[in-house]
Amino acid sequence: ELKGTMIVHERCACAIDAKSMLTIEGTYSTDLASSSAEQKTSSDESTDSRLRLRSLCDMEISGTVCGRNCLIVVDAKETVRFQRDAHIQASGLCIQNATNVRVDAAIITVQNLTTENIAAINCMKDSVITVDCKAEINAQKIEMIDNAKLHLHGTANSTADLSRCVLRAAENVSMSAESLIECAFDHFELTCLGEVRLHGSIRVEPRCVCIIYARKKLEIRGTC
C-alpha cells in the first residue's frame, strides 16, 4: 500500500512488484526540477523513464501517477482498477495480462496508450481517457458505459508519423447511450470478430479515415 509520495529522477527506471495486491493512493512523480537541469547538459533528451507496476493479484490506483517523459507499464494477473479521483499523466501507458481493466471516473492523459492480453475493458461513468498520438487497444470485450469519454487529439510528433487509433475486440464492443469517442486522428479503426453495439456517439474530423468492422453484427443506434 503506497499512500505517501514517491519522487524519482526522470532517468530512473522504477519497478514496484507485489505478489498479492498493489494499492496506490498517494503520488508517484518524476523529479522535474532535477531532470530539467540535466537536460541542459545532456545530449540525449529522448530517454524516457520507466515505471513498472506489477501484481500477481489485483491492482487499485486511486492516487496520482505523473511523469512528463515516463512510460508506465501496468502488469496484473487479475483486475486493474483506476478508481474515482485517480489521475494518470504520462508519455505512455501500457496495460497487459489482466482479466479486467476497470476505469471508474478516473482521468487518464497520455501520448500513447497500449493494451495487451486483456480479457475485458470497462470504462465506467464519468471516466475520461485522452490520447495525443497513438492508441492500440486490444481485448476480448470493450465496454463504455454512461458518460465515459475517449478523446483522441491527434497531435502527432511529425507529419510523417500518422496519429492512429485501433480498437480490436475478439468478442464484442458496446457503447451506451451517453458515451462518446471524439477523434481528431488521421486514422480510426474499430474491429470486432463478434458484435458491435454503438448506442453512443463517435465523432471524427473530416481528414480522419474511419473504419468500423463487425464480423457478426453491427448495430448503430447512436450517432456516427
Side-chain angles (χ1 to χ4, degrees), residues 59 73-82 88 92-154 156 161-224:
M59 188 181 305
V73 180
V74 175
D75 187 344
K77 300 303 180 187
E78 296 188 18
T79 300
V80 177
R81 293 190 64 178
F82 297 95
I88 312 296
L93 173 63
C94 176
I95 307 173
Q96 56 194 26
N97 300 326
T99 56
N100 182 254
V101 176
R102 185 181 176 98
V103 185
D104 290 322
I107 298 175
I108 298 175
T109 305
V110 295
Q111 290 182 337
N112 300 294
L113 173 63
T114 306
T115 68
E116 303 170 355
N117 194 25
I118 305 295
I121 297 176
N122 304 107
C123 298
M124 310 303 286
K125 182 178 179 181
D126 298 329
S127 60
V128 179
I129 300 174
T130 303
V131 183
D132 282 341
C133 293
K134 288 185 179 181
E136 186 163 343
I137 301 172
N138 301 282
Q140 295 289 320
K141 300 178 181 179
I142 300 174
E143 186 178 34
M144 297 180 66
I145 298 174
D146 292 336
N147 202 29
K149 295 182 176 66
L150 174 61
H151 296 298
L152 306 167
H153 281 181
D161 189 19
L162 294 179
S163 53
R164 178 183 179 89
C165 175
V166 179
L167 302 174
R168 295 190 188 96
E171 295 184 17
N172 59 67
V173 176
S174 62
M175 293 177 64
S176 70
E178 296 180 355
S179 56
L180 169 67
I181 296 177
E182 202 168 40
C183 182
F185 278 10
D186 299 305
H187 184 95
F188 175 81
E189 181 177 335
L190 193 162
T191 301
C192 182
L193 300 181
E195 297 184 355
V196 176
R197 296 183 179 91
L198 304 179
H199 295 185
S201 298
I202 297 179
R203 302 173 189 165
V204 299
E205 290 288 326
R207 65 184 174 88
C208 177
V209 176
C210 181
I211 301 170
I212 300 174
Y213 170 79
R215 177 171 289 184
K216 292 184 178 179
K217 181 179 179 180
L218 174 59
E219 179 180 279
I220 299 178
R221 293 187 182 179
T223 302
C224 187

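Count residues from 1 along the sequence.
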Nearest heavy atoms of L193 and K216, plus distance in Å
O-CG, 3.9 Å
Are L150 and C123 close enough that some pair of their side-chain heavy atoms sits under 4.5 Å apart?
no
Got a second to check how far H151's NE2 is from E182's CD, nearest 0.5 Å?
6.0 Å
Heavy-atom closest contact (R203 atom, L180 atom, distance)
NE-CD1, 3.9 Å
Would you give the length of the straight line joining atom CD1 of I129 to atom CD1 of I108, rounded to the nearest 0.5 angstrom?
4.5 Å
Distance-only donor-acceptor pairs under 3.5 Å for side chains of residues 93-104, two or more places apart:
from	atom 1	to	atom 2	distance (Å)
N97	OD1	N117	ND2	3.0
N97	ND2	D75	OD1	3.3
N97	ND2	D75	OD2	3.4
T99	OG1	E78	O	3.0
N100	ND2	N122	OD1	2.6
R102	NE	D104	OD1	3.1
R102	NE	D104	OD2	3.1
D104	OD2	R81	NE	3.4
D104	OD2	R81	NH2	2.8

I need the full list of side chain to side chain donor-acceptor pair (under 3.5 Å) pairs touching residues 165-181, with sequence neighbours left out, sorted by first then second residue.
E136-R168, N138-R168
Could you go step by step and tell me if I212 and C224 meet the side-chain contact (heavy atoms from CB on, under 4.5 Å) rule?
CA-CA 10 Å; I212 300 174; C224 187; 3.9 Å; yes
Should H187 and L162 count as side-chain neighbours, where that means a heavy-atom distance under 4.5 Å?
no
Not counting sequence neighbours, which residues clear salt bridge (Lys or Arg N to Asp or Glu O under 4.0 Å) with R215? List them please.
none
Going by the salt bridge (Lys or Arg N to Asp or Glu O under 4.0 Å) test, which pairs reach into residues 107-131, not counting sequence neighbours?
none
State which residues pass salt bridge (Lys or Arg N to Asp or Glu O under 4.0 Å) with K149; sequence neighbours excluded, sorted by chain then number.
none
Among all residues two or more places apart in sequence or in another chain, which pass the side chain to side chain contact (heavy atoms under 4.5 Å, CB included) test with C208?
C183, F188, V204
Quick one: CD on Q111 to OG on S163, what's the gap to the nearest 0.5 Å?
12.5 Å
Minimum heavy-atom separation for A184 and H153, please, with both atom names.
CB-O, 3.1 Å
Which residues pass the side chain to side chain contact (heavy atoms under 4.5 Å, CB included) test with K217, sequence neighbours left out?
E195, E219
Quick check: closest heavy atoms across F82 and A106, and the distance to 0.1 Å?
O-CB, 3.6 Å
Find out whether I181 and L167 are in side-chain contact, i.e. whether some heavy atom of one side chain is under 4.5 Å from a heavy atom of the other.
yes
Straight-line distance of L113 CG to I88 CD1, nearest 0.5 Å:
11.5 Å
OG of S201 to CE of M175: how many Å apart, nearest 0.5 Å?
6.5 Å
Considering residues at least two apart in sequence or located in another chain, which fulfil the side chain to side chain donor-acceptor pair (under 3.5 Å) criterion with T191?
E189
Working to the nearest 0.5 angstrom, can you tell me the gap between I118 CD1 and K141 NZ?
14.5 Å
Please enumerate all residues that pass side chain to side chain contact (heavy atoms under 4.5 Å, CB included) together with I220, with sequence neighbours excluded.
L198, L218
